[in-house]
Amino acid sequence: MATSMGCLVLLCLVSPLLLASAIHGHPWGGLFPQFYDHSCPKAKEIVQSIVAQAVAKETRMAASLVRLHFHDCFVKGCDASVLLDNSSSIVSEKGSNPNRNSLRGFEVVDQIKAALEAACPGTVSCADILALAARDSTVLVGGPYWDVPLGRRDSLGASIQGSNNDIPAPNNTLPTIITKFKRQGLNVVDVVALSGGHTIGMSRCTSFRQRLYNQTGNGMADSTLDVSYAAQLRQGCPRSGGDNNLFPLDFVTPAKFDNFYYKNLLAGKGLLSSDEVLLTKSAETAALVKAYAADVNLFFQHFAQSMVNMGNISPLTGSQGEIRKNCRRLNNNH
């Protein structure tokens, strides 16, 4: 008993937050926003400043960095597995169907990592860089701020199978999308709120072509797609070719984080099938779409909370994993 009391007193000295987590169980599963306050006090500032430069140079980068975090967290948890390049021991997730020729922002992460290594060597994980960059990106284009729980560590492997199977796809049915979220411990509110990340960013023609020409195999366009919007999309997305032609996911305010994504869905002008089904295939998701279209503050509140929820998917903590020095490779190619 004396020993455990001694430990508690010691813990108390380390941090009241840690003590609370030991007693009550931490609301973020062992992660907390102040994680680097002593070991790397400028960490958040360094990340924010480099993300701000990158987004000033190219607004689209904000969406790219949010998506990187999402594609990381849905595969083996938020552990920066998505950043690993091919090596003798790693088959990179960058080659998976959802990521190939599509995922971007890796150079920005490299830049952030280099700056953090210079300031605090071996301290800030690549997984935490992704979580912070996603939040900073959101704020920079007009979205909500949230405190990012920190303390994730970096994986010692990657899973291209997980990347191919676990990330929701643009042509998945709504039940499949909901199942993929539930497998990660997320719920229907998370599905609809996080889909609102599509208020920024671009999508490739190949991700929505079937809606324009042959949605159900009968050679007809998707009946839930506004006719004039469909005609406009066909001009830049032919039946064949032009796979990588880009279109804004929110055509009204493509570079601003707002609730036009939901207003567009109500007008039949969601770009991806996975967007529009939120309105057309379930009363529960449709009610949320309408609520967010009507109240941007509610959307912001739910988006922020859902980003924290997503950022808490199976993190590596304590002595698990490692703190990579270079986000693209393991420290010593285990």
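Bear in mind that the values here come from a model prediction, so they are computed numbers and not experimental data.
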>> Restricting to side chain to side chain donor-acceptor pair (under 3.5 Å), what partner residues turn up for Lys180, sequence neighbours left out?
In response: Asn172
> Going by heavy atoms in the side chains, are Phe181 and Pro168 under 4.5 Å from each other?
Replying inline: yes
>> Under a 3.5 Å cutoff, is there a donor and acceptor pairing between the side chains of Ser163 and Asn99?
In response: yes
> Looking at side-chain heavy atoms only, is the closest gap between Thr280 and Leu265 below 4.5 Å?
Replying inline: no
> So Val227 and Tyr229, side-chain contact (heavy atoms from CB on, under 4.5 Å) or not? Walk me through it.
Replying inline: CA-CA 5 Å; Val227 176; Tyr229 182 50; over 6 Å; no
> Does any pair with a residue in residues 236-245 pass salt bridge (Lys or Arg N to Asp or Glu O under 4.0 Å), and if so which ones, sequence neighbours excluded?
Replying inline: Arg209-Asp243
> Same hydrophobic cluster for Val82 and Met310, using side-chain heavy-atom links shorter than 4.5 Å among ILVMFWY?
Replying inline: yes
> Any side-chain heavy atom of Ile200 sitting closer than 4.5 Å to one from Arg60?
Replying inline: no
> Within the distance-only criterion (no hydrogens, no angle test), does the side chain of Arg324 pair as donor or acceptor with the backbone N or O of Ala80 below 3.5 angstrom?
Replying inline: yes
>> Keeping Asn264 on the side-chain end and Phe260 on the backbone end, is there a donor-acceptor pair under 3.5 Å?
In response: yes
> Does Asp275 reach the main-chain N or O of Ser195 with its side chain, forming a donor-acceptor pair under 3.5 Å?
Replying inline: no
>> Please report whether the ring centroid of Phe32 lies less than 6.0 Å from that of Phe35.
In response: yes
> Among the clusters formed by ILVMFWY side chains lying less than 4.5 Å apart, do Val141 and Phe300 turn up in the same one?
Replying inline: yes
> Are Leu316 and Ile90 connected, step by step, through hydrophobic side chains (Ile, Leu, Val, Met, Phe, Trp, Tyr) whose heavy atoms are closer than 4.5 Å?
Replying inline: no
> Are side-chain heavy atoms of Arg328 and Lys94 found at a separation under 4.5 Å?
Replying inline: yes
>> On a heavy-atom basis, which atom in Asp147 and which in Pro33 lie closest, and how many Å separate them?
In response: CB-CG, 4.0 Å
> Name the one of Leu278, Thr285, Val191 that satisfies side-chain contact (heavy atoms from CB on, under 4.5 Å) with Ile177?
Replying inline: Val191
>> Please give me the minimum heavy-atom distance between Leu288 and Val189, naming the atom from each residue.
In response: CD1-CA, 4.0 Å
> Does Lys269 make a cation-pi contact with Phe251, if we ask for NZ or CZ under 6.0 Å from the ring centre and within 45° of the axis?
Replying inline: no
>> Between Asp154 and Cys126 (side chain of the first, backbone of the second, donor and acceptor by atom type, cut-off under 3.5 Å), is there such a pair?
In response: yes
> Are the aromatic ring centres of Phe299 and Tyr261 under 6.0 angstrom apart?
Replying inline: no
> If you round to the nearest 0.5 Å, how far is CD1 of Ile160 from CZ of Arg100?
Replying inline: 7.5 Å
> Can you find a pair of side-chain heavy atoms, one from Ser223 and one from Gln215, that are under 4.5 Å apart?
Replying inline: no
>> Has Asn165 got a side-chain atom pairing as donor or acceptor with Gln161's backbone, closer than 3.5 angstrom?
In response: yes
>> So does Phe74 get a backbone contact from the side chain of Gln184, meaning a donor-acceptor N/O pair under 3.5 Å?
In response: yes
>> If we ignore hydrogens and angles and just use 3.5 Å, is the side chain of Glu322 paired with the main-chain N or O of Asn331 as donor and acceptor?
In response: yes
>> I'd like to know whether Asn171 forms a side-chain contact (heavy atoms from CB on, under 4.5 Å) with Gln210, so could you lay out the CA-CA distance, the side-chain angles of the two residues, the decisive distance to 0.1 Å, and finally the verdict.
In response: CA-CA 9 Å; Asn171 58 349; Gln210 67 180 39; 3.6 Å; yes
>> Could you report the tightest heavy-atom contact between Leu65 and Gly105, atom names first, then the distance?
In response: CD2-O, 4.0 Å
>> I'd like to know if the side chain of Asp128 reaches the main chain of Arg152, judged simply by a donor and an acceptor atom lying under 3.5 Å from each other, with no hydrogens or angles considered.
In response: yes
> Are Val109 and Phe70 connected, step by step, through hydrophobic side chains (Ile, Leu, Val, Met, Phe, Trp, Tyr) whose heavy atoms are closer than 4.5 Å?
Replying inline: yes
> Do Leu83 and Ile129 come close enough that some side-chain heavy atom pair is under 4.5 Å?
Replying inline: no
> Partners of Tyr213 by ring-ring contact (aromatic ring centres under 6.0 Å, His included), sequence neighbours excluded?
Replying inline: none
>> Assess the residue pair Thr59 and Lys256 against the criterion (side-chain contact (heavy atoms from CB on, under 4.5 Å)); give the C-alpha distance rounded to whole Å, side-chain angles, the decisive distance to 0.1 Å, and a yes or no.
In response: CA-CA 9 Å; Thr59 316; Lys256 189 169 191 303; over 6 Å; no
> Does some side-chain heavy atom of Arg135 sit less than 4.5 Å from a side-chain heavy atom of Met307?
Replying inline: no
>> Under the criterion side chain to side chain donor-acceptor pair (under 3.5 Å), I'd like the reasoning laid out for Ser64 against Arg104: C-alpha separation, chi angles, the key distance, then a yes or no.
In response: CA-CA 6 Å; Ser64 303; Arg104 57 203 298 278; 2.8 Å; yes
> If you group Ile, Leu, Val, Met, Phe, Trp and Tyr by side-chain heavy-atom gaps below 4.5 Å, do Leu212 and Leu272 land in one group?
Replying inline: yes
> Between Leu132 and Lys44, is a side-chain contact (heavy atoms from CB on, under 4.5 Å) present by the stated rule, with each step listed?
Replying inline: CA-CA 7 Å; Leu132 286 166; Lys44 295 174 194 171; 4.2 Å; yes
>> Between Lys182 and Asn187 (side chain of the first, backbone of the second, donor and acceptor by atom type, cut-off under 3.5 Å), is there such a pair?
In response: no
>> Under a 3.5 Å threshold, yes or no: a donor from one side chain and an acceptor from the other, between Gln305 and Asn309?
In response: yes
> Of the non-hydrogen atoms in Gly311 and Cys73, which two are nearest, and what is the gap between them?
Replying inline: CA-SG, 4.2 Å
> Taking all atoms of both residues into account, what is the closest heavy-atom pair of Leu330 and Ser155, and its distance?
Replying inline: CD2-O, 3.6 Å
>> Before you tell me yes or no, could you show the steps for Arg329 and Asp85 under salt bridge (Lys or Arg N to Asp or Glu O under 4.0 Å), namely the whole-Å CA-CA distance, both residues' side-chain angles and the distance that decides it to 0.1 Å?
In response: CA-CA 6 Å; Arg329 51 178 166 270; Asp85 285 337; 5.8 Å; no
>> Exactly one of Tyr145, Tyr292, Phe257, Tyr262 should register a ring-ring contact (aromatic ring centres under 6.0 Å, His included) with Phe303. Which one does?
In response: Phe257
> Taking Arg204 for the side chain and Asn244 for the main chain, is one N or O donor matched with an acceptor at less than 3.5 Å?
Replying inline: no
>> Quick check: closest heavy atoms across Ala158 and Ser81, and the distance to 0.1 Å?
In response: CB-O, 3.9 Å
